[in-house]
Amino acid sequence: MAAPSCTVSGAWVRGTGPRLGSLFTLVSKPFCSTAAATRLLNAQRLAERLRAQKREQEKKKPEPTNRIQRRVQELVRFTGQLQRVHPNVLAKALSRGILHQDKDLVVINKPYGLPVHGGPGVQLCISDVLPILAKMLHGHKAEPLHLCHRLDKETTGVMVLAWEKDVAHQVQELFRTRQVAKKYWAITVHVPVPSAGVVDIPIIEKEVQGQQQHHKMTLSPSYRMNNGKMVKVRTNRNAHIAMTQYQVLSSTLSSALVELQPVTGVKHQLRVHMSFGLDCAVLGDHKYSDWNRLAPQKLPVGILKKLGLEQSKARHIPLHLHARQLMLPALGSRKEELHLVCRLPHFFARSLRRLGLEIPNQDQIGDSEARHLRAQ
């Protein structure tokens, strides 16, 4: 008598003879369960149907007619994609943006929306891909690169990596002892008054009470006004000394391009000093534009009109803070100062043009970049 048959992942298994019972004892449970196969097939069909529905919904979404709104949506999608790309793809993208490389250091152009370290909700960060980047640059036997400092997730620009851990520690010490000169460019809402100066106000982290309790960095001034007189107050022991030099490079009635030089390195220092110290928040800073709320930045009508946006879309505006220049002292075998300059991201340059902010002269930024910026 012929033995019965069963389906095994699309193949047929047949058996005859006295050993047939033992064979089916082994394979019938995992592979011949009709109910399990049906459940698996139904789950696959459901997943395919859901994916198809999502694709159809994406197609039905009306494309914005405004060029700036389209660019904002592209940027939002790109930021999300950074967390979903394969680490090899991200490492390759970083390798294409290398600003400087020698036997001690690798300097990259950090993209927008990419965190430096991991944390809650972070699927991919720069520190995750440093081993891959090292192998791309120095072969499969290369040791991972080391971080020398950090930038906020939303900040773009110059970022220094080191091949050896002791070199990374040396660079970190240069940052800690304020021997590294840094220059940032920021687009601000409103224009700082005076047009150049120093913000020297300590910063402290506090909990914000409200509908959504959260923590923010804020000012902890050493002086206050009392009956029209300036009186020195006791310094909070948890406050950090913070000092920022600034200079307006270009301005309109409602916005400015500002160069910032942090003398100290307190968390979110530039954003706090600009927003709470000078009342000129960085464009796209949705955290420090208002102390009491966690809400999208409220923008003047003039800026919204120039950017071609409605206030309801302001939440998509990225932070316009760029680590533009970095000057490292002589280190190791290098006997001269290392001067690094990183060109502006496309969204930053386009915002400059839309807002009518003039690009600094060619002596300050170089002929090639001046042409690059004006072409955007």
Inset, instruction - State yes or no: do Leu328 and Val263 share one hydrophobic cluster built from I, L, V, M, F, W and Y residues joined by side-chain heavy-atom distances below 4.5 Å, directly or via other members? - result: no
Legend entry - Within 6.0 Å of CD in Gln172, more than 12 heavy atoms from elsewhere: yes
Inset, instruction - Please round to the nearest 0.5 Å and tell me the distance separating atom CH2 of Trp185 and atom CZ of Arg324. - result: 4.0 Å
Inset, instruction - Using modelled atom types only, decide if a donor and an acceptor are shared between the side chain of Lys216 and the backbone of Glu205 within a distance under 3.5 Å. - result: no
Inset, instruction - Say whether, by atom type as modelled, one donor and one acceptor occur between the side chain of Arg354 and the main chain of Lys306 under 3.5 angstrom. - result: yes
Legend entry - Hydrophobic cluster identity match, Leu270 and Val158, side-chain contacts under 4.5 Å: no
Legend entry - OG1 on Thr235 to CD1 on Ile241, rounded to 0.5 Å: 8.5 Å
Inset, instruction - Go through the side-chain N and O atoms of His339 and Gln325 and say whether any donor and acceptor fall under 3.5 Å apart. - result: yes
Legend entry - Arg293 (side chain) donor-acceptor with Ala295 (main chain) under 3.5 angstrom: no
Legend entry - Cys342 SG to Leu326 CG distance, which is reported to the nearest 0.5 Å: 10.5 Å
Inset, instruction - Answer whether the closest heavy-atom distance between the side chains of Phe276 and Thr218 falls below 4.5 Å. - result: yes
Inset, instruction - For residues Ile98 and Leu137, determine if any side-chain heavy atom of one lies less than 4.5 Å from a side-chain heavy atom of the other. - result: yes
Inset, instruction - Calculate, to the nearest 0.5 Å, the distance between atoms CE and CZ belonging to Met159 and Arg150 respectively. - result: 8.0 Å
Inset, instruction - Check Ala142 against His138 and note the closest heavy-atom contact, atom names and distance. - result: CB-CB, 3.5 Å
Inset, instruction - Would you give the length of the straight line joining atom CG of Leu260 to atom CG of Leu321, rounded to the nearest 0.5 angstrom? - result: 7.0 Å
Inset, instruction - Would you mind reporting whether Pro329 and Glu337 have side-chain heavy atoms less than 4.5 Å apart? - result: no
Inset, instruction - Could you pull out the closest heavy-atom pair between Pro221 and Pro202, with the gap in Å? - result: CA-CD, 4.5 Å
Legend entry - Test item: Ser220 and Ile201 side chains (from C-beta on) under 4.5 Å apart, heavy atoms: no
Legend entry - Where Tyr223 and Val233 come nearest, the two heavy atoms and their spacing: N-CG2, 4.0 Å
Legend entry - Lys135, NZ atom: more than 12 neighbouring heavy atoms under 6.0 Å: yes
Inset, instruction - Spell out, as yes or no, whether a donor-acceptor pair under 3.5 Å connects the side chain of His322 to the backbone of Arg343. - result: yes
Would you tabulate the side-chain donor-acceptor contacts of residues 242-256 under 3.5 Å, counting partners in other chains and residues two or more places apart, or write 'none'?
from, atom 1, to, atom 2, distance (Å)
Thr244, OG1, Gln269, NE2, 2.8
Thr244, OG1, His273, ND1, 2.8
Tyr246, OH, Pro194, O, 2.8
Ser250, OG, Glu358, N, 2.8
Thr252, OG1, Ser254, N, 3.4
Thr252, OG1, Ser255, N, 3.2
Thr252, OG1, Ser255, O, 3.4
Thr252, OG1, Ser255, OG, 3.0

Inset, instruction - Examine Leu219 and Leu278 and state if one hydrophobic cluster contains both, with Ile, Leu, Val, Met, Phe, Trp and Tyr joined whenever side-chain heavy atoms are less than 4.5 Å apart. - result: yes
Legend entry - Leu94 reachable from Leu340 in the ILVMFWY side-chain graph, under 4.5 Å edges: no
Legend entry - NE2/His215: more than 12 non-hydrogen atoms of other groups inside 6.0 Å: yes
Inset, instruction - Applying side-chain hydrogen bond (donor to acceptor under 3.5 Å, both in side chains) between Tyr288 and each of Arg271, Gln297, His268, report the one that passes. - result: His268
Legend entry - Student check: side-chain heavy atoms of Leu124 and Pro87 closer than 4.5 Å: yes
Using distance only, find each side-chain donor-acceptor pair of residues 103-111 under 3.5 Å and give its atom names and separation, not counting sequence neighbours.
from, atom 1, to, atom 2, distance (Å)
Lys103, NZ, Ser333, OG, 3.4
Lys110, NZ, Leu114, O, 2.9
Lys110, NZ, Asp152, O, 3.3
Lys110, NZ, Lys153, O, 2.9
Lys110, NZ, Thr155, O, 2.8

Legend entry - Other residues, nucleotides, ligands: >12 heavy atoms within 6.0 Å of Lys232 NZ: yes
Legend entry - Basic-acidic side-chain contact under 4.0 Å: Arg176, Glu173: yes
Inset, instruction - Report the C-alpha distance between Glu164 and His146 in whole Å, list the side-chain angles of each, state the deciding distance to 0.1 Å, and finish with yes or no for side chain to side chain contact (heavy atoms under 4.5 Å, CB included). - result: CA-CA 7 Å; Glu164 302 292 339; His146 301 275; 5.6 Å; no
Inset, instruction - Report yes or no: do Leu338 and Leu151 belong to one cluster of Ile/Leu/Val/Met/Phe/Trp/Tyr joined by side chain heavy-atom distances under 4.5 Å? - result: no
Inset, instruction - Report the relative orientation of the aromatic rings in Phe175 and His149; use parallel for angles under 30°, tilted for 30 to 60°, perpendicular for over 60°. - result: parallel
Inset, instruction - Just do the side chain to side chain contact (heavy atoms under 4.5 Å, CB included) check on Val180 and Met327 with the steps written out, would you? - result: CA-CA 6 Å; Val180 179; Met327 284 76 78; over 6 Å; no
Legend entry - CD1 on Ile126 to CG on Leu145, rounded to 0.5 Å: 11.5 Å
Inset, instruction - Taking all heavy atoms of Lys298 and all of Gln311, pick out the closest pair and write down the distance. - result: CA-NE2, 3.7 Å
Inset, instruction - Work out which heavy atom in Leu299 is nearest to a heavy atom in Ala314; give both atom names and the distance. - result: CD1-CB, 4.3 Å
Inset, instruction - Quick one: do Thr188 and Leu257 satisfy side chain to side chain contact (heavy atoms under 4.5 Å, CB included)? Show the steps, please. - result: CA-CA 6 Å; Thr188 62; Leu257 171 62; over 6 Å; no
Legend entry - Pair Leu147-Ser127, side chain to side chain contact (heavy atoms under 4.5 Å, CB included): steps then yes or no: CA-CA 7 Å; Leu147 293 166; Ser127 60; 4.1 Å; yes
Inset, instruction - Mark yes when over 12 heavy atoms from residues, nucleotides or ligands other than Glu143 sit less than 6.0 Å from its CD; otherwise mark no. - result: no
Legend entry - Flag side-chain contact, heavy atom, 4.5 Å: Trp163 against Gln101: yes
Legend entry - Donor + acceptor pair across side chains of His240, Thr264 (<3.5 Å): no
Inset, instruction - Side-chain contact test, heavy atoms from C-beta onward, threshold under 4.5 Å: evaluate it for Gln261 versus Tyr184 and give yes or no. - result: no
Inset, instruction - Give the minimum heavy-atom separation between Asn292 and Asp290, together with the two atoms involved. - result: N-OD1, 2.9 Å
Legend entry - Tyr112 vs Glu154 side-chain heavy atoms within contact, under 4.5 Å: yes
